[in-house]
Amino acid sequence: MYEGLLKHYKEYLPVTEKTPLISLAEGNTPLIPLNNLSKELGITLYGKYEGLNPTGSFKDRGMVMAVAKAVEEGAKAIVCASTGNTSAAAAAYATRAGIKAYVVIPDGKIAMGKLAQAIVYGADIISIPGNFDEALKAVREIAKTEAVALVNSVNPYRLEGQKTAAFEICQQLEKAPDVLAIPVGNAGNISAYWKGFKEWHDKQGTSLPRMHGFEAEGAAAIVKGAVIEEPETIATAIRIGNPASWKLAEAARDESKGFIDAVTDEEILNAYRKVAAQDGVFIEPGSAASLAGVIQHVKNGKIRPGETVVAVFTGNGLKDPDTAIQATEVAIHKMSDLEEMRQHLRKG
Ligand SMILES: Cc1ncc(COP(=O)(O)O)c(/C=C/C(=O)C(=O)O)c1O
């Protein structure tokens with residue numbers, strides 16, 4: 001039976017005999033062939049569906065490692081700032097490990113599904129008037145003096161856990177893709193994937209993909225080369241104006257001869273609707289930045305015909321039902337009469 005990442009990739013992770021092997025059976029997520037989009041775009045496109053992790057996002061990979069190491073080092077509580085998914089994962093793995101989670105979120109800018117998770121998993125929730133970047137600054141200060149372990153992706157154990165997704169992709173494809181397309185917010189995930197591909201290359205001899213990272217236009221600090229004081233995007237997960245792993249992300253881009261570009265909210269919503277309507281995969285808006293970027297790069301030639309591309313779908317669409325309903329025109333037919341329903345179906 002698959003028993004989660006700490007056991008499955010033990011030899012690649014900082015797991016010692018004192019590390020508690022906690023798990024919610026995270027990882028081992030499907031690599032879904034996107035057949036209709038592949039045909040339309042003229043590439044071989046897959047979605048790495050990280051929305052099927054236990055708390056519905058890729059954060060579980062890094063959090064299981066960070067929480068396990070925090071417990072090993074004697075922590076009785078963890079703290080994080082979050083746009084939502086980190087707080088959900090922190091709350092779940094803290095509960096799993098029998099310790100407390102304090103989560104700091106930007107007031108009013110968190111998808112309801114994520115807030116619901118932090119609540120039911122039992123986190124102590126602190127909401128601040130500012131944005132994620134201000135929340136991260138606050139928790140980094142708190143962690144300096146209080147007896148809490150900081151589990152944001154500035155914690156290297158997070159990147160260790162998250163790099164396992166690159167291993168899985170190479171195993172699932174039986175090679176590395178030509179291109180790995182990924183949303184960029186705090187920039188930990190693109191950095192972790194690159195670390196994973198390099199390790200797999202060193203140990204298994206696979207090739208190395210180009211890393212194509214995508215920021216939201218209204219939060220594109222790396223693209224613009226400047227901190228965005230008031231980041232704005234419908235993709236609240238990546239509404240981050242001062243990425244903590246900025247330099248690591250630039251290294252991943254440059255070493256892999258890849259790119260970090262920006263996608264507009266319109267491109268994000270278009271990709272968000274397309275992948276659900278055409279290939280049946282429901283992802284959250286922040287995740288759709290990867291697919292929006294693939295569409296953009298196929299158009300401008302940065303992705304070439306026939307290339308094998310993996311788009312990382314970092315979170316489940318169920319996290320943000322409000323956006324799904326607001327962003328998709330759909331008629332809901334209110335009917336009570338059976339005959340009326342029959343006539344409706346016969347119209348096709
Ligand atoms: C769905 C989804 N997709 C992409 C990202 C960007 O990953 P990074 O570039 O590693 O930050 C996030 C990040 C969320 C948080 O940072 C948080 O939850 O605090 C996300 O939730």
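Remember, it's 1-based here, ligands and their atoms both numbered in the order they're listed.
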Counting non-hydrogen protein atoms only, what is the nearest one to [atom]? Give residue, atom name and distance.
atom                    : value
atom 18 (O) of ligand 1 : Thr86 N, 2.8 Å
atom 12 (C) of ligand 1 : Phe58 CE2, 3.7 Å
atom 21 (O) of ligand 1 : Asn85 ND2, 2.8 Å
atom 19 (O) of ligand 1 : Thr83 N, 2.9 Å
atom 11 (O) of ligand 1 : Asn186 N, 2.8 Å
atom 20 (C) of ligand 1 : Ala237 CB, 3.6 Å

Pull out every atom of ligand 1 sitting under 4.0 Å from any heavy atom of [X], numbered as shown with elements.
X      : answer
Ser82  : 17 (C), 18 (O), 19 (O)
Gly188 : 8 (P), 9 (O), 10 (O)
Lys59  : 13 (C), 14 (C), 15 (C), 16 (O), 17 (C), 18 (O)
Gly84  : 18 (O)
Phe132 : 19 (O)
Val184 : 9 (O)
Ile238 : 4 (C), 5 (C), 6 (C)
Glu284 : 1 (C)

**OP:** Decide yes or no on salt bridge (Lys or Arg N to Asp or Glu O under 4.0 Å) for Lys137 and Glu134, but give the supporting numbers first.
**Re:** CA-CA 5 Å; Lys137 216 179 289 173; Glu134 287 150 322; over 6 Å; no
Subject >> Side-chain heavy-atom pair His201, Phe197 within 4.5 angstrom cut-off >> reply: no
Original post:
With a 4.5 Å heavy-atom cut-off, do Leu24 and Val64 have their side chains touching?
Top reply: no
State, without any angle test, whether [X] and [Y] hold a side-chain donor-acceptor pair at a distance under 3.5 Å.
X      : Y      : result
Thr236 : Lys109 : no
Ser38  : Asn35  : no
Glu50  : Asn53  : yes

Subject >> Leu5-Tyr157 co-clustered via ILVMFWY side chain contacts under 4.5 Å >> reply: yes
[X] touching ligand 1 at heavy-atom level, < 4.0 angstrom:
X      : value
Ile182 : no
Ser57  : no
Ala187 : yes

**OP:** List the steps, then state whether side-chain hydrogen bond (donor to acceptor under 3.5 Å, both in side chains) holds for Thr164 with Arg61.
**Re:** CA-CA 7 Å; Thr164 57; Arg61 292 181 185 272; 3.1 Å; yes
Between the side chain of [X] and the main-chain N/O of [Y], is any donor-acceptor distance below 3.5 Å?
X      : Y      : answer
Lys48  : Ile169 : no
Gln326 : Thr323 : no
Tyr193 : Ala252 : no

Original post:
How does Ile240 reach ligand 1, if at all, at less than 4.0 Å between non-hydrogen atoms: by side chain, backbone, both, or neither?
Top reply: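 Side chain only.
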Original post:
At under 4.0 Å between heavy atoms, which part of Gln162 makes contact with ligand 1: side chain, backbone, both or neither?
Top reply: neither
Original post:
Counting heavy atoms only, which of Asn189, Ile283, Asn152, Thr314 is nearest atom 10 (O) of ligand 1?
Top reply: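 Nearest heavy atom to atom 10 (O) of ligand 1 lies in Asn189.
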Original post:
Which pair of non-hydrogen atoms, one from Leu34 and one from Val281, has the smallest distance, and what is that distance?
Top reply: CD2-CG2, 4.0 Å
